[in-house]
Amino acid sequence: MASPTQHADVVEDALDRVWTEAHPEFGPDEPAWTPGQVREYHLRLDAARFDPEVAA
């Protein structure tokens with residue numbers, strides 16, 4: 001079983017991947033994202049927190 005620190009590292013890596021993948025897809029200027037893109041981004045972040053493997 002992974003320690004809490006190891007789990008936190010996995011989650012952090014997953015969140016970083018979501019952030020990294022969203023910017024080329026939605027554009028580098030977050031304030032210019034459409035409401036749908038912002039919603040999708042936040043859903044992906046939530047999914048990565050819940051199950052880090054989804055962002056792998």
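None of the values given here were measured: they were computed from a predicted structure.
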Which pair of heavy atoms, one from Pro52 and one from Ala14, lies closest together, and at what distance? O-CB, 3.6 Å
Donor-acceptor check, side chain of Glu21 to backbone of Val18, threshold 3.5 angstrom: yes or no? no
Straight-line distance of Trp33 CH2 to Arg39 CZ, nearest 0.5 Å: 13.5 Å
May I ask whether Phe26 and Leu45 are part of the same hydrophobic cluster, defined by side-chain heavy atoms of I, L, V, M, F, W, Y residues being less than 4.5 angstrom apart, directly or through others? yes
Same cluster (ILVMFWY, side-chain, under 4.5 Å), Val38 and Leu15: yes
With heavy-atom distances below 4.5 Å as the criterion, would you say the side chains of Glu25 and Gln37 are in contact? no
Student check: side-chain heavy atoms of Arg44 and Tyr41 closer than 4.5 Å: no
